[in-house]
Amino acid sequence: MTEFTQIGKILSGKYVGRDVSVRGWIYRKRSSGGVQFLVLRDSTGTMQVAIKKENVPEKAYHDADKALIESAVTAKGVVKEDKRAPGGYELQVTKFSVISFSEPFPITEHQSTELLLDLRHLWLRSQKLTNIMKVRQYLVNYLREYFFSQGFWEVAPPIITQAGCEGGSTLFEFKYFDDTAYLSQSAQLYNEVFITALEKIFVLAPSFRAERSRTVKHLAEYWHLEAEEAFYHNEDNMKLQEELVSYACQKLAKNHADLLEFFKVKPETLAKVSPPFKRMRYEDAIDFLVKKEVKKKWGDDFGAEDEEILTTGLEKPMFIYNYPKEGRAFYMKVNPENPKTVLNADMQAPNGHGELVGGSERIWEYDELMKRIKEEKLDVKSYQWYVDLRKYGSVPHSGFGLGIERLLKWVLNLDHIRDAVPFPRTINRVYP
Ligand code: 4AD
Ligand code: MG
């Protein structure tokens with residue numbers, strides 16, 4: 001059986017003079033004076049292969065001539081250093097065959113965004129999306145690595161649930177046999193169960209939000225990295241978050257400068273992301289906006305423009321904490337020093353990239369939780385198991401949720417969150 005060498009390895013320069021086989025897809029092609037110059041692409045890079053008429057059988061040359069862009073092919077030959085070739089190396093081909101001929105590829109230069117989204121199944125192989133998928137994997141890997149280094153356990157909560165976590169308006173409801181159920185908005189309520197066994201846990205799973213908003217920051221399906229920690233207070237929770245995000249940013253900067261540069265992100269900028277992050281009380285954020293002549297009063301939410309004003313020019317994310325209780329989720333611990341507020345914090349990305357993390361200390365006493373559930377007019381029956389936790393050895397605890405696509409959007413400075421996920425689901429798209 002033929003052994004194939006990855007293009008990325010050849011581009012490292014260690015294969016000059018060696019006879020190797022490569023396989024992949026035709027990325028570009030041109031011909032000149034009896035030579036077919038193909039640029040081949042595999043998962044590791046692109047390189048030029050030169051197919052000279054006199055060096056290969058007639059059928060091979062004919063096939064190379066006929067094969068359109070995106071045809072899948074194999075080529076064997078000797079690696080030569082060549083300054084003119086993109087990447088600096090060229091394969092001088094002695095054997096060439098086509099695995100499958102491509103039809104004319106429907107994506108050419110300067111396509112509309114809508115067309116590229118309709119053809120996402122074909123566009124995913126573009127350099128941009130390929131590189132985003134690579135950065136995403138590294139990012140997720142570093143986030144996980146950080147949790148493991150701190151003694152966290154990774155857990156597996158359900159996706160099908162009956163207890164909404166973040167309010168009814170954004171639940172996807174569906175028929176569950178003879179009953180009704182929802183797609184999970186957040187694993188949090190289950191995470192609070194796991195900590196009674198494992199103390200510090202995290203989970204990476206899809207979350208679903210029936211968001212009616214058409215913004216560059218909202219998906220209907222996104223990947224949610226959530227943590228829950230027994231005995232942590234709000235301040236411990238924020239520390240954990242800033243260390244987690246800093247660890248991943250610094251690792252990316254150190255190990256993947258090439259990928260970052262593809263997105264014109266300076267590794268030095270990410271390397272500077274380190275604790276502590278700036279912390280601003282909700283009420284101070286309101287004052288800050290008012291001083292900038294924004295019409296805001298205590299109790300208002302922050303819109304995209306407010307977030308932009310608050311975070312423009314920051315070198316690293318910041319926290320806004322102690323929001324008004326009114327409008328916050330039922331499970332958030334009330335701030336004993338100011339009962340109109342809760343012990344929560346949102347981590348905001350620099351330059352208006354939006355909220356990266358939402359977290360809080362949780363109500364851990366039975367009576368207080370029951371009171372909030374009733375105040376919010378939630379169906380006590382669906383939450384009974386959650387409230388039960390407060391009866392059997394409840395402890396103070398905190399947790400948070402980080403949107404992977406939000407983090408990736410900020411780290412790579414992407415215009416739109418949909419490019420941070422392979423198959424974006426939004427209010428107007430579930431295809432392909
Ligand atoms: O602030 P959220 O709604 O918080 C929760 O769900 C908590 N129960 C998490 C927890 O404490 N375990 O969502 C958390 C994060 C947001 O900060 C944001 O990064 C991301 O999830 N997120 C979205 N990402 C993409 N599209 C959406 N529609 C998102 N909604 C939230
Ligand atoms: Mg939030």
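As the structure lists them, so they are numbered: ligands from 1, and atoms in each ligand from 1. What you are looking at is a predicted structure, and each value in this text was computed from that prediction instead of being measured.
Ionic pairing of R372 and E375 is present here: one or more N-O contacts between side-chain nitrogen and carboxylate oxygen are shorter than 4.0 angstrom. Comment: K272 engages E315 in a salt bridge, judged by a side-chain N to carboxylate O separation of less than 4.0 angstrom. A salt bridge links E368 with K333: the distance from a Lys NZ or Arg NE/NH1/NH2 to an Asp or Glu carboxylate oxygen falls below 4.0 Å. Taking a cutoff of 4.0 Å between a charged side-chain nitrogen and a carboxylate oxygen, E70 and R28 do not qualify as a salt bridge.
Between Y386 and Y331, the gap from one ring centroid to the other reaches at least 6.0 Å. Note: Y190 and W385 meet the aromatic proximity criterion, with ring centroids under 6.0 Å apart.
Protein residues lining ligand 1, listed by chain and number: C165, E166, S186, Q188, R209, E211, K217, H218, L219, Y222, H224, E226, Y331, E355, L356, V357, G358, R362, G399, F400, G401, G403, R406, I417 [non-hydrogen atoms, distance under 4.0 Å].
For the Mg ion (ligand 2), the nearest N, O or S atom contributed by E355 is named OE2.
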